[in-house]
K.L.:
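Dropping a structure here in structure tokens format, bear with me for questions.
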Amino acid sequence: MTYGEAIRAALRDAMCSDDHVILMGEDIGVAGGPFGVTSGLLGEFGDQRVLDFPVSEAALVGTAYGAALCGYKPVVEIMFMDFATLAMDAIVNQAAKAHFMFGGQFSVPMVLRMAHGGDIHLGAQHAQCLEAWFAHIPGLIVVCPSDAADAYDLMRAAIENPNPVVFVENKTLYRTTSAPRNAENKAELGRGRIVLSGNDISVVTYGAGVQWAKDSAANLAVDGIDIEIIDLRTIQPWDEALVLRSLRKTHRIVICHEAVTGFGVGAEIAARLADVGFSDLRAPIRRLGADHMPAAYSPKLESHSRPDSEKLCRAIKEVLSYA
Amino acid sequence: MSEITELLQMYRAMCRIRKVEERLSALHKAGDIPGFIHSSMGQESVAVGISRYLTVRDTIAVTHRGHAQSIAKGLALSALFAELMGREAGTCRGLGGSMHIADSSIGLLGANGIVGGSLPIAAGSALAHKLDGAGNLAVAYFGDGALAEGIFHECINLCALWSLPCLFLCENNGWSEFSPSDEQFSGDLKKFAAAFNVAYHFTEGLDVSAVTQMAEHIIDAIRTTSKPQVFEVSVERFHGHYEGDAQAYRDPVELAAARARDPIAHLREHLLAFGIAASILAQIDVELTVEIEIAVNVARASPVLSTNDAFAMVYAS
């Protein structure tokens, strides 16, 4: 099963088990969405469960929020994460705050699916990784699965959760497959995963970064470097305990993500570790993210600004070389 | 029910809102209510007229100027005062305040600090009502100041496209915060509705009976057809954008004329002319004063939520 198929399977299973789960989004019906994730669901569940929305992102999320206040569990597809900018009032001012500002009277069981990331050459407005924005907002949960198995589990967990969940899907992963995971490794919100156990340095990452880390591990093993890979799976709240345990073992850390480095997820984790993990660190914390520039259209220029396994290997070696 | 009984009920309902807001204004001035409150004095006829035809299962999403809209839907006064005083006994446990007051038990989906914020919430609630199929409807209260917001366009398009049972209720007070609305919006709500094939109705808010008669017809049609309708009511905003705003930007002559167009005074004259004794109206006033003072005392007696309890509200569990 691919990452995209796993998300579809999770949507289908959730819709079968709870008839208040509805899908809302632009071109999610007959068209099945630009990445085919919802393909076939309109035929299976009908137009009262799969709501093909006009191109009106503010109203899309705003009405999903209104329906969530009234007992529905909307799963919204925001075609590209960049388009969430058009719905920020509904996400940030309304949905994220409702449980708090209404004193717990209402919860907002809403999932906002959005595809992030570059490498498919769509330019500056279809490639952004804006997860740090959402992670900054109290009241939102932010997840980003890195493989098909997690995509299924996290989607089921996100739909069952009574809070608004930003579900970030990486475009380059839609067609990737992964083996089923045993029950004890089932993804839960707020729990990261040790993808690879190692002793020399911890690489904390999520989304597409997990594959870069795996590739790096293979390359670095040749030089006798043994890295530990942590897939955060959930960005807000991130699994601080897991990362701290890893740091206590390896004493060195690189945080890697596709999003722009500055003020990003890595910045938050680094700041936190510099505080609560200071005595365990034997080298400066390194962040590896995209350069501080929009995604360039030209493939060569775009890839130059993004992290990859080669850059990650270099960053790891630099941190290890610190006396 | 006789017409006079109905008129007396509406008179009491409007006076109740007016007196609550006068009390809120005094409490705000005295420092007992923090932050912003936006008075709906002068606009009471709209919510009172509409709410007569709403059930507890119908939902409303209201504006920052939403006290009248909320009280008319059934918000308990002690919970209102407590909320605006930031106390635990408030409907939102003191975490929302005037601009975010909500009450799930009466279908009040929250006031909103964002202009036009009520519109998609009501549209989404209307979608839920349609999917539920129980014949309930949602009311999107908004002001003329929201007409220049893009979300209005998106929501009316969606509700028309999908036949959602949503009443777009525009309380047009002529002021978009501190600016005259005609300096903000070049369009015409009637033509806007027509462009989307949505029925449009208009009346003057000075006469609550006119609002009520039209509301009955409109709400009945929305329940029957499950189609949205637009209802615009012209009203006057007696106070400033918020309490404490001296309205220095308004022409004093225009403001005095606006305050003379008072739906409560208008109905009072009508009732007196009809032969209702002034003593009956005075008795209503006394009863409301007692009700309000009891509510204020209940609110004052409530503590503030603990910091830990407030923090625990960020996420639902």
Side-chain angles (χ1 to χ4, degrees), chain A residues 19-20 22 24 47-49 51-74 76 86-90 92-110 137-141 161-165 189-190 236-237, chain B residues 59 61 83 88 90-97 99-105 107-110 112-114 116-133 136 138 140 149-151 153-159 161-162 164 305 309-317:
Chain A
D19 60 14
H20 278 78
I22 54 175
M24 299 169 71
D47 63 5
Q48 302 291 293
R49 302 285 304 280
L51 301 155
D52 215 335
F53 216 86
V55 181
S56 307
E57 289 81 8
L60 169 62
V61 183
T63 53
Y65 164 62
L69 290 181
C70 295
Y72 283 84
K73 295 180 180 174
V76 178
L86 294 157
M88 287 305 254
D89 174 54
V92 175
N93 293 327
Q94 316 288 347
K97 312 261 189 299
H99 188 266
F100 180 87
M101 73 181 173
F102 298 153
Q105 294 180 84
F106 293 92
S107 57
V108 184
M110 175 169 81
I137 304 300
L140 296 180
I141 290 172
N161 192 276
N163 297 287
V165 178
L189 299 181
Q236 174 63 267
Chain B
T59 47
E83 186 58 37
E88 191 176 353
T91 49
C92 305
R93 307 187 75 184
L95 295 170
M99 282 193 282
H100 309 296
I101 197 159
D103 187 345
S104 60
S105 70
L108 171 56
L109 303 178
N112 221 295
I114 307 296
S118 58
L119 293 158
I121 298 171
S125 179
L127 170 63
H129 289 317
K130 188 173 184 187
L131 295 175
D132 288 341
N136 300 316
E149 294 278 7
I151 193 68
H153 175 99
E154 293 191 20
C155 289
I156 200 162
N157 175 52
L158 182 79
C159 289
L161 198 64
W162 287 3
L164 301 182
L305 192 68
D309 285 346
F311 188 73
M313 283 292 156
V314 178
Y315 290 93
S317 54

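Reminder, nothing fancy here: chain letters follow the sequence lines and each chain counts from 1.
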K.L.:
By a 4.5 Å heavy-atom criterion (distance strictly below it), what part of B/Ile156 contacts chain A: side chain, backbone, both, or neither?
P.N.:
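Neither part.
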K.L.:
Non-hydrogen atoms of chain A under 4.5 Å away: do they reach the side chain of B/Leu131, the backbone, both or neither?
P.N.:
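Contact with chain A involves both backbone and side-chain atoms of B/Leu131.
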K.L.:
Given the options A/Ile22, A/Leu60, A/Leu140, A/Val55, which has more heavy-atom pairs under 4.5 Å with chain B than any of the others?
P.N.:
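Greatest number of close heavy-atom pairs with chain B: A/Leu140.
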K.L.:
Relative to chain A, which segment of B/Asp103 carries a heavy atom at a distance below 4.5 Å: side chain, backbone, both, or neither?
P.N.:
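Both parts, heavy atoms under 4.5 Å.
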K.L.:
Measuring heavy-atom distances to chain B, does A/Phe102 have an atom under 4.5 Å in its side chain, in its backbone, in both, or in neither?
P.N.:
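For A/Phe102, heavy atoms of backbone and side chain both lie under 4.5 Å from chain B.
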K.L.:
Does A/Ala95 have any side-chain contact (heavy atoms from CB on, under 4.5 Å) partners at least two apart in sequence or in another chain, and if so, which?
P.N.:
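A/Ala95 satisfies side-chain contact (heavy atoms from CB on, under 4.5 Å) with A/Tyr65, A/Val108, A/Met110, A/Pro164 once adjacent residues are dropped.
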K.L.:
Closest heavy-atom contact between B/Ile151 and A/Ala59?
P.N.:
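For B/Ile151 versus A/Ala59, the nearest heavy atoms are CD1-N, 3.6 Å.
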K.L.:
Identify the heavy atoms of A/Phe106 and B/Ala102 that sit nearest to each other, and give their distance.
P.N.:
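Looks like CE1-CB, 4.0 Å.
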K.L.:
How far apart are the closest heavy atoms of A/Glu57 and B/Glu154, and which atoms are they?
P.N.:
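Closest pair (atom of A/Glu57, atom of B/Glu154, distance): N-OE1, 3.9 Å.
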K.L.:
Looking at chain A, which one of B/Leu305, B/Asn112, B/Asn157 has the largest number of heavy-atom pairs inside 4.5 Å, strictly under?
P.N.:
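Top count of heavy-atom pairs under 4.5 Å with chain A: B/Asn112.
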K.L.:
Contact between B/Leu161 and A/Pro54 at the side-chain level, heavy atoms closer than 4.5 Å - yes or no?
P.N.:
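Side-chain contact under 4.5 Å: yes.
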K.L.:
Taking side chain as everything from C-beta outward and backbone as N, CA, C, O, which of these in B/Leu109 sits under 4.5 Å from a heavy atom of chain A? Side chain, backbone, both or neither.
P.N.:
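It is both, since atoms from each part get that close.
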K.L.:
Does A/Gln105 use its side chain to pair, donor to acceptor, with the backbone of B/Thr91 at less than 3.5 Å?
P.N.:
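At least one qualifying donor-acceptor pair exists.
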K.L.:
Select one option (side chain, backbone, both, neither) describing which atoms of A/Ile137 are under 4.5 Å from chain B's heavy atoms.
P.N.:
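Contact with chain B: backbone only.
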K.L.:
Would you name the heavy atoms of A/Pro162 and B/Ala316 that are closest together and state the gap between them?
P.N.:
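For A/Pro162 versus B/Ala316, the nearest heavy atoms are CG-O, 3.7 Å.
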K.L.:
Just so I understand: if I count every heavy-atom pair under 4.5 Å between each of B/Ser105, B/Gly96, B/Ser104, B/Ala128 and chain A, which residue has the most?
P.N.:
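Maximum pair count with chain A is reached by B/Ser104.
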K.L.:
Pick one of side chain, backbone, both or neither for A/Asp47, based on which atoms fall under 4.5 Å of a heavy atom in chain B.
P.N.:
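The answer is neither part of A/Asp47.
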K.L.:
Name all residues meeting the side-chain contact (heavy atoms from CB on, under 4.5 Å) criterion together with B/Tyr315; count only those two or more places apart in sequence or in a different chain, and write none if there are none.
P.N.:
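B/Tyr315: side-chain contact (heavy atoms from CB on, under 4.5 Å) contacts with A/Ile141, A/Asn163, A/Gln236.
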K.L.:
Less than 4.5 Å apart, any side-chain heavy atom of B/Ile114 and any of A/Gln94?
P.N.:
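Of all side-chain heavy-atom pairs linking A/Gln94 with B/Ile114, at least one is under 4.5 Å.
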K.L.:
Measure the CG-OG1 distance between B/Leu119 and A/Thr63 for me, rounded to the nearest 0.5 Å.
P.N.:
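It is 12.0 Å, given to the nearest 0.5 Å.
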K.L.:
Are any side-chain N or O atoms of A/His99 and backbone N or O atoms of B/Met313, one a donor and one an acceptor, separated by less than 3.5 Å?
P.N.:
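Yes; at least one donor-acceptor contact below 3.5 Å.
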K.L.:
Decide yes or no for B/Leu127 and A/Tyr72: does some side-chain heavy atom of the first lie under 4.5 Å from some side-chain heavy atom of the second?
P.N.:
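Contact flag for B/Leu127/A/Tyr72 side chains = no.
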K.L.:
Find out whether B/Thr59 and A/Leu69 are in side-chain contact, i.e. whether some heavy atom of one side chain is under 4.5 Å from a heavy atom of the other.
P.N.:
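Heavy-atom side-chain distance check fails, nothing below 4.5 Å.
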K.L.:
Relative to chain A, which segment of B/Asp309 carries a heavy atom at a distance below 4.5 Å: side chain, backbone, both, or neither?
P.N.:
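For B/Asp309, there is no contact with chain A at all, as no heavy atom is under 4.5 Å.
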